[in-house]
Amino acid sequence: MLAIITHVQIKDTLFLIFSIKDGWTTYLIVGPYYFRLPEAAAKQLLQFTPLCFTLPILRYTLNQPSISPIKTSLRKHRLRFIIRLRFSPDLISSHFTMAQVVSTKLLHTSFVANVSLNNHIKPSRVASTGRIHHRVFTVTARRASAEVVPVTPEDTHKTGEKNYQVLRKGNSSVGRWSKPIVKRKTKIVCTIGPSTDTKEMIWKLAETGMNVARLNMSHGDHASHQKVIDLVKEYNAQSKDNVIAIMLDTKGPEVRSGDLPQPVTLASGQEFTFTIKRGVGTADCVSVNYDDFVNDVEAGDMLLVDGGMMSLLVKSKTEDSVKCEAVDGGELKSRRHLNVRGKSATLPSITEKDWDDIKFGVDNQVDFYAVSFVKDAEVILELKNYLKSCGADIQVIPKIESADSIPNLHSIITASDGAMVARGDLGAELPIEEVPLLQEEIIRTCRSMGKAVIVATNMLESMIVHPTPTRAEVSDIAIAVREGADAVMLSGETAHGKFPLKAVNVMHTVSLRTESSIMSGRTVSSLNQAFKNHVSEMFAYHATSMSNTLGTSIVVFTRTSSMAVLLSHYRPNGTIFAFTDVKRVQQKLALYQGVCPIHMEFSDDAEETFANALVVLKSQGMMKEGEHVALLQSGRQPIWRFQSTHNIQVRKV
């Protein structure tokens, strides 16, 4: 006969002790439910004995300092033999994941009834196995651990619960046992287009997780983009605990084919001609919008259409035409993007149209420019000088997407405020096997300089038409997060996709889950040699170390964003609450990893401002009463202190 003799409940972990004939066996079930184990289900569980743990794992758990109340209770109920057993911790660690998966699948398939862990579970009636009689009882213990508060105000506890309930609806074993205790720190950039350019959708995107709204100037006109800017500003004015930044992405010097009366289907081996003559569009020839196209290509070059959807080999050329042979055929439509493998067009990075768009951005006070096809640092310096002459405080993010930009990568990032890994055109102009390595190098370079870095293109491409992503796309997001990107970006997924909100939610949950897996093992980045002579950088480094050691978040007050950006560079485990009385600074900080920017008017009295900040954090549910927080006073522009005075405090909410 099989019966439950006792169970021990430790937070979300339920230990069951069975009596089977004359022997004792203990099984570990990991899950959020309390249940009585039916005999049929128990027999099914017994089939997995090699994957589930017997008495020693309970003994191993009892050795942890936070479980001492349970140890006492077990002794009281004559179960001392449990703590006398010995077991190898290495073996426990090696089998832990398999046991979780097996037990979780049993929860999904074998049990229907459940009782919430929040409810008090009363002792049940006596269960009998021969001569042994015990009552079923439960012991609950709370594990002392530092809780990391939300990185963005929209990521409240309820929102996080909702997102992980979505995971738990399926048959995934992960959703039952691995809910993280941290909130999202990596930011999400969403491209606004026909699918999302209404007030309702922008509001929903912001609530789902969007941090930056991107305007793609390759599509639409100034009137349509003005509408989006006005809606985002309206949201920012109404929202008390969230802010959305605006990024204007220039079109750049794109080489495109001309108009065709109807799509042309090319088979492999079929000849096709591109000409610089205007207005040509036939079944075997089409115009190109770039006058130097003939001079830039040579026989033997590989011409890619839309980043590789089709490829044609250049066979010969004349003064105004390039004759090609289709290698990978397909359907050629009007105004397709053209690249030559390994080469960049000899066009200026900022075209006349781009300058008009940049002026449009200055007039509307956007927060970021993403500059397409940057080849060298001179382009960045030219744009920054123009912005300075206009008195515009707009950060410049170059898009690394051309072959010519790679040799100049270090100087480009040095001159700019960050970088975007634009993998679409980068993979067209360079061999695709180089793209993952270049992504890692660009992220590492930006991190070493304390610059923001965005990973973009094809992150959830399949969700343009499908409601769920491919598993490779999920891994792609996780890799970008693990490599240290400040933000990940959605393009067509939110601009013209069928499931924009689901795409943002997938990016949110994947980033959140990935961050929870690396948080506990993260160490503070080493203090760069270049920073060792700067007091602000040193204080940011040591504030991060102190915050990680004490398990606290960090509060900083800034009017220039410099100290919050420095703290983000060192990636503290806790949230960086950046208080500012400058609205533009709040919007700028929306891009940086781990920073929660909060707008609040500063008082002339430092202590009054500190107290007000803690009240804001408590009232918005970002911190709880009794928690500690590290408060940093440093930076290039002193607030309530002398220029030579810097300090770090630890305060209780």
Side-chain angles (χ1 to χ4, degrees), residues 148-168 172 174-175 178-191 204-214 242 244-245 247 418 420-421 423 439-440 443 446-447 452-463 468-491 493-494 499-522 568 571-576 589-597:
V148 182
V149 294
V151 65
T152 53
E154 71 269 21
D155 292 332
T156 61
H157 178 70
K158 291 182 180 179
T159 302
E161 285 289 330
K162 178 184 69 174
N163 289 333
Y164 273 85
Q165 286 170 4
V166 172
L167 290 178
R168 287 197 288 265
S172 170
V174 176
S178 59
K179 188 184 77 171
I181 61 170
V182 296
K183 302 301 179 183
R184 180 169 57 85
K185 301 167 79 68
T186 306
K187 304 304 179 72
I188 298 176
V189 180
C190 297
T191 304
K204 287 183 177 179
L205 285 173
E207 292 170 358
T208 307
M210 175 177 70
N211 302 107
V212 180
R214 171 179 174 256
N242 192 23
I244 304 299
M247 175 180 289
M420 180 187 293
V421 189
R423 302 176 300 180
Q439 173 178 314
E440 185 178 8
I443 292 175
C446 287
R447 289 289 311 280
V453 57
I454 305 167
V455 176
T457 319
N458 304 130
M459 301 215 76
L460 290 173
E461 188 79 3
S462 67
M463 291 194 73
T468 56
T470 67
R471 305 311 178 254
E473 289 169 339
V474 171
S475 296
D476 186 31
I477 297 171
I479 289 169
V481 172
R482 295 186 71 88
E483 288 179 343
D486 286 84
V488 284
M489 193 177 94
L490 295 169
S491 300
E493 301 92 332
T494 53
F499 308 98
L501 296 177
K502 287 187 176 182
V504 176
N505 189 61
V506 167
M507 191 162 271
H508 168 86
T509 53
V510 173
S511 300
L512 178 64
R513 182 64 186 93
T514 305
E515 290 166 357
S516 73
S517 69
I518 61 178
M519 197 70 65
S520 59
R522 176 181 287 167
S568 174
R571 299 294 196 263
N573 292 337
T575 304
I576 304 164
L589 289 172
L591 178 64
Y592 289 88
Q593 202 264 14
V595 179
C596 176

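Small disclaimer: the values here were computed from a predicted structure and weren't measured. Just so you know, residue 1 is the first one in the sequence shown, and it goes up from there.
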Colleague: Is there a donor-acceptor pair closer than 3.5 Å between any side-chain N or O of Ser568 and the backbone N or O of Gln593?
Modeller: yes

Colleague: Heavy atoms only: give me the nearest Cys446-Ala452 pair and the separation to one decimal.
Modeller: SG-O, 4.0 Å

Colleague: Quick one: CZ on Arg513 to CD1 on Ile518, what's the gap to the nearest 0.5 Å?
Modeller: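 So the CZ of Arg513 and the CD1 of Ile518 are separated by 11.0 Å.
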
Colleague: Can you name the closest pair of heavy atoms from Val189 and Ala487 and give their distance?
Modeller: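 Residues Val189 and Ala487, closest heavy atoms: CG2-CB, 4.0 Å.
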
Colleague: Evaluate the criterion side-chain contact (heavy atoms from CB on, under 4.5 Å) for residue pair Ile477 and Thr514; output intermediate values, then yes/no.
Modeller: CA-CA 9 Å; Ile477 297 171; Thr514 305; over 6 Å; no

Colleague: Which heavy atom of Pro469 sits nearest a heavy atom of Val506, and at what distance?
Modeller: CG-CG1, 3.8 Å

Colleague: Side-chain contact, heavy-atom cut-off 4.5 Å: Cys190 with Val212?
Modeller: no

Colleague: Checking Arg571 side chain against Gly484 main chain: does a donor-acceptor pair fall under 3.5 Å?
Modeller: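 Judged by distance alone, yes, a pair lies under 3.5 Å.
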
Colleague: Start with the C-alpha distance between Met459 and Met507, add both sets of side-chain angles, then the distance that settles side-chain contact (heavy atoms from CB on, under 4.5 Å), and finish with yes or no.
Modeller: CA-CA 9 Å; Met459 301 215 76; Met507 191 162 271; 3.9 Å; yes

Colleague: Is the shortest distance from a Lys or Arg side-chain nitrogen in Asp486 or Lys185 to a carboxylate oxygen in the other one below 4.0 Å?
Modeller: no

Colleague: For Arg214 and Met247, indicate whether the former's side chain and the latter's backbone hold a donor-acceptor pair under 3.5 Å.
Modeller: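 Pair absent, no side-chain N/O of Arg214 close to backbone of Met247.
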
Colleague: Checking Arg423 side chain against Val455 main chain: does a donor-acceptor pair fall under 3.5 Å?
Modeller: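 Not confirmed, Arg423 side chain does not pair with Val455 backbone.
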
Colleague: Would you find a donor on one side and an acceptor on the other, under 3.5 Å apart, between the side chain of Glu493 and the backbone of Leu460?
Modeller: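 Yes, Glu493 side chain to Leu460 backbone: donor-acceptor pair under 3.5 Å.
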
Colleague: Under the 3.5 angstrom rule, does the side chain of Ser511 hit a backbone N or O of His508 as a donor-acceptor pair?
Modeller: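 Such a contact is absent between Ser511 side chain and His508 backbone.
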
Colleague: In Å, rounded to the nearest 0.5 Å, how long is the span from CE of Met489 to CD1 of Ile454?
Modeller: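 Rounded to the nearest 0.5 Å, the CE-CD1 separation comes out at 7.5 Å.
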
Colleague: So how far is it from Glu461 CD to Thr470 OG1, rounded to the nearest 0.5 Å?
Modeller: 10.0 Å

Colleague: Using atom types as modelled and distance alone, determine if a side-chain donor or acceptor of Thr494 lies under 3.5 Å from a backbone N or O of Thr191.
Modeller: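 Side chain of Thr494 to backbone of Thr191, a donor-acceptor pair under 3.5 Å: yes, one is there.
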
Colleague: If only atom types and distance count, is the side chain of Glu483 paired as donor or acceptor with the main-chain N or O of Ala480 below 3.5 Å?
Modeller: no

Colleague: What distance separates Leu589 CG from Cys596 SG, expressed to the nearest 0.5 Å?
Modeller: 10.0 Å

Colleague: CZ/Phe499 to OG1/Thr468 distance, rounded to the nearest 0.5 angstrom?
Modeller: 8.5 Å

Colleague: Do Thr208 side-chain atoms and Leu501 backbone N/O form a donor-acceptor pair below 3.5 Å?
Modeller: no

Colleague: Would you call Asp476 and Arg471 a salt bridge, using N to O less than 4.0 angstrom?
Modeller: no

Colleague: Are the side chain of Asn211 and the backbone of Lys187 linked by a donor-acceptor contact shorter than 3.5 Å?
Modeller: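 Checking the backbone N and O of Lys187 against the side chain of Asn211, no donor-acceptor pair under 3.5 Å is found.
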
Colleague: Quick one: CD1 on Ile188 to OG1 on Thr186, what's the gap to the nearest 0.5 Å?
Modeller: 8.5 Å

